[in-house]
Amino acid sequence: MLRTHTCGELRAEHVDQTVTVCGWVDSRRDHGGLVFIDLRDRYGKVQIVFDPSQGDDLHNLAGSVRNEYVLKVTGKVVRRAEKDVNPKIPTGEIDVRSNHLEVLNASRVVPFEPGTLNPPNEELRLKYRFLDLRRPRLQELMVFRHRLTKLVRDYFDRHGFLEIETPMLGRSTPEGARDYLVPSRVHPGCFYALPQSPQIYKQILMIAGYDRYMQIARCFRDEDLRADRQPEFTQVDIEMAFVDREDILQTVDGLVAFLMQEIRGVQHPLPLPRLTYAESMERFGSDKPDLRYGMELKDIGDIAANCGFGVFKNALASGGRVRGLNAVGAAAKYSRKQIDELTVFVGDFKAKGLAFFRVTETGLDSPIAKFFGPEEQQAIIQRFDAKAGDLIFIVADQPKVTSAALGALRSRLGKELALFDPNEMHFAWILDFPLFSYNEEEKKWDAEHHPFCNPVPDDVGYFETDPGKIRATSYDLVVNGYEGASGSVRIHDPVVQQKVFDLLGIPAEEAEKRFSFLLEALRYGAPPHAGIALGLDRWVMMFTGCDNIRDVIAFPKTQKAADLLSGAPSNVDAKQLKELSIKIDEPKA
RNA sequence: GGCUCCGUAGCUCAGUCGGUUUAGAGCGCUGGCCUGUCACGCCAGAGGUCGCGGGUUCAAGUCCCGUCGGAGUCGCCA
């Protein structure tokens with residue numbers, strides 16, 4: 001080792017010791033006589049003092065270093081005078097009085113200082129990610145990510161799970177997300193697909209007798225990015241055999257309690273709350289509601305049915321619903337202009353309008369209040385448990401639209417009105433999802449979760465009559481409004497599996513071609529099995545209060561899926577393409 | 001693919017209604033001074049393709065169109 005101690009570990013107890021530390025120059029204060037250098041490593045910062053009495057050579061060298069130079073410094077740890085103690089940093093009671101300095105490497109003038117109080121724009125941070133990653137905040141996040149990952153591994157190890165790696169180069173399967181493809185040199189015209197998840201492999205591991213599997217698995221999906229979505233991301237992938245839904249829920253409940261204990265030092269109450277998909281959509285308009293606050297959706301169809309407002313009546317007459325929510329105390333916080341913005345916002349979710357009522361001491365105040373008699377107004381106030389100063393929003397539309405629009409509005413208002421404690425972690429299970437959803441555009445049924453999800457046994461009769469009614473044995477763990485985990489009991493009966501493929505419109509021969517290895521495996525003694533996958537990046541986000549997934553990934557990609565540090569993706573040599581039998585057909589500009 | 005926001009010095013930003021001449025400030029940078037600072041201080045200085053292209057205008061950082069890049073979001077994400 002070039003050093004005897006890290007910068008961040010030095011304390012008063014080291015006084016009088018001669019130490020050697022290495023690190024980056026965080027800042028330099030040259031007094032002409034005394035030179036102070038704050039030396040930084042990932043453990044912290046320590047102040048080095050260069051005194052002219054140590055000779056001109058050392059002093060001149062110390063004066064010549066610049067920010068982000070890499071130094072090796074030897075010196076004696078000395079206690080600072082009382083008045084010179086810096087209580088803002090853990091090493092503030094001591095200095096290292098240097099008698100030897102080696103510049104291990106110089107640095108160009110950096111485009112931004114890792115020690116800066118407000119970091120620059122993200123484009124620059126990503127281009128110079130090595131500087132960004134020197135920032136204490138990012139180092140903190142990387143350390144936390146390591147720790148969370150380690151705790152997860154520890155938990156599953158203690159419960160007898162085996163970590164088994166599955167291939168990155170796999171077979172492209174239909175449905176699901178767009179695959180990232182990797183051309184095969186040996187098989188011209190053929191491609192591997194990077195895994196969207198290790199789904200089929202882990203099921204085959206169950207069939208192979210590895211009844212408790214886990215993997216910290218990298219997954220790839222070629223879809224557009226979001227604040228919480230990257231094209232490559234990490235799942236904690238889990239599968240168990242000889243279990244039912246309850247076993248998976250309890251296993252993950254236990255993980256949550258373990259993590260909350262280890263990370264937050266709190267005893268999280270178990271079991272985690274459970275609600276059905278139908279209930280969640282009804283009360284919150286979303287299958288991943290943020291349950292740190294209430295503001296539940298209410299139906300006022302019965303009240304609206306008799307009102308004089310045509311928009312509401314027409315919506316009801318055409319099979320729609322009239323639902324809304326109450327933003328408590330928000331009447332004065334939203335101007336007419338801001339409400340207009342919210343109207344545009346719900347328009348993104350196909351809502352044709354957004355009605356509102358300001359609640360006053362005497363009733364409702366709104367451009368449409370005149371369509372509601374005193375009794376109707378009181379009924380609305382009562383339905384929303386409203387009082388003066390509240391602001392009620394109503395959407396009248398097709399049922400799905402009211403859920404989507406109000407669910408999104410609830411989420412936005414929750415943030416804008418700061419209805420939750422950002423440090424709180426709220427976990428809840430969403431159960432009984434529909435197995436299929438009807439795709440209006442393509443006039444076909446789609447799997448809501450994935451095609452290997454077992455139907456609730458009681459519902460299999462609906463395959464022929466009403467597939468939309470079939471419930472799935474799937475479950476999502478919702479954390480603070482994010483989908484934190486998702487899984488299901490799998491199909492282990494090849495006959496049921498075939499039924500699902502049939503309904504999804506995957507012809508038998510097609511299914512046989514694409515999934516033959518799974519279908520074949522199912523025929524050789526498949527145990528009942530179930531599993532789940534946790535979005536590790538999102539869990540790191542939630543535990544650290546980040547609002548963006550890029551901050552918890554060392555080398556993330558931009559919204560256009562580019563890596564600004566390396567310049568990926570890039571063109572490749574004609575020779576490489578030729579070896580792969582690939583010709584580029586660029587789209588016309 | 002759609003919608004919205006952003007792009008001015010290395011960085012963070014200001015720049016009014018389109019018109020004050022040479023587009024400013026702080027930080028950083030360069031040089032000088034400074035022996036207890038810790039966002040050190042003081043003095044002096046350098047540093048600009050106003051993302052790029054086109055248009056409107058007597059006049060464009062400012063208005064319009066396009067484009068590139070970044071961000072958010074809808075679609076998409078079994």
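Values in this document were obtained by computation on a predicted structure and should not be read as measured data. Below, chains carry the letters A, B, ... as their sequence lines are ordered, and counting in each starts from 1.
Separating the CG atom of A:Asp551 from the P atom of B:rG72 is a distance of 10 Å, rounded to the nearest angstrom.
If you check every strand for non-hydrogen atoms under 4.0 Å, A:Asp224 touches a base. Within the 4.0 angstrom heavy-atom criterion, base atoms lie near A:Gln47. A:Phe36 comes within 4.0 angstrom of a base, heavy atoms only.
Of the residues in residues 343-352 of chain A, those with a non-hydrogen atom less than 4.0 angstrom from any atom of RNA chain B are A:Asp348, A:Phe349. Remark: A:Thr558, A:Gln559, A:Lys560, A:Leu564 in residues 558-570 of chain A come within less than 4.0 Å of RNA chain B through at least one heavy atom. Using a 4.0 Å cut-off on heavy atoms, none of the residues of residues 473-500 of chain A approach RNA chain B. Near RNA chain B, defined here as any heavy-atom distance below 4.0 Å, the residues from residues 84-91 of chain A are A:Asp84, A:Asn86, A:Lys88, listed numerically. Near-neighbour residues of RNA chain B inside residues 192-205 of chain A, defined by a heavy atom below 4.0 Å, number-ordered: A:Ser197, A:Gln199.
Listed pair A:Asn121 / B:rA71 fails the phosphate criterion, with no side-chain N or O lying under 4.0 Å from OP1 or OP2. Close to B:rC40, at under 4.0 Å from its OP1 or OP2, lies a side-chain N or O of A:Arg29.
Each salt bridge (Lys or Arg N to Asp or Glu O under 4.0 Å) pair with one or both residues in residues 49-59 of chain A, not counting sequence neighbours, appears once here: A:Asp51-A:Arg97. Applying the salt bridge (Lys or Arg N to Asp or Glu O under 4.0 Å) test to pairs two or more places apart or on separate chains, none has a residue in residues 107-117 of chain A.
Considering only residues two or more places apart in sequence or on other chains, A:Ser437 meets the side chain to side chain donor-acceptor pair (under 3.5 Å) condition with A:Glu448. Take A:Asp551 and apply the salt bridge (charged side-chain N to carboxylate O under 4.0 Å, His left out) test, not counting sequence neighbours, and it matches A:Arg125. When the side chain to side chain donor-acceptor pair (under 3.5 Å) test is applied to A:Asp432, the partners found at least two apart in sequence or on another chain are A:Arg245. Annotation: ring pair (Phe, Tyr, Trp, His ring centres under 6.0 Å) contacts of A:Phe517 (sequence neighbours excluded): none.
Side chain of A:Arg66, nearest nucleotide from B:rG75, B:rU12, B:rU30: B:rU30. Distances from the side chain of A:Asn118 to the nucleotides B:rU12, B:rU30, B:rC11 place B:rU12 closest.
Judged by Watson-Crick or G-U wobble contacts below 3.5 Å, the nucleotide B:rC3 has B:rG72 as its partner. B:rA44: Watson-Crick or G-U partner is B:rU30, with both key distances under 3.5 Å.
For A:Phe433 and A:Tyr475, the distance between ring centers is not under 6.0 angstrom. A distance of 6.0 Å or more separates the ring centres of A:Phe36 and A:Phe50.
Taking the C1' atom of each, B:rG18 and B:rG1 are spaced 36 Å apart, rounded to whole Å.
A salt bridge links A:Arg550 to A:Glu122: one of the charged nitrogens lies within less than 4.0 Å of a carboxylate oxygen.
Both tests hold for A:Arg412 against A:Phe345: distance to the six-membered ring centre under 6.0 Å, angle to the ring axis within 45°.
Inter-residue side-chain proximity for A:Val478 and A:Trp429 is flagged as unmet; no heavy-atom pair is nearer than 4.5 Å.
Nearer the 5' end of RNA chain B, as judged by each residue's closest nucleotide, is the contact made by A:Val109, out of A:Gly92 and A:Val109.
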Determine, for nucleotides 41-47 of chain B in 5'-to-3' order, which nucleotides have protein heavy atoms under 4.0 Å from the base (write B), from only the sugar-phosphate (write S), or from neither (write -).
-> -------

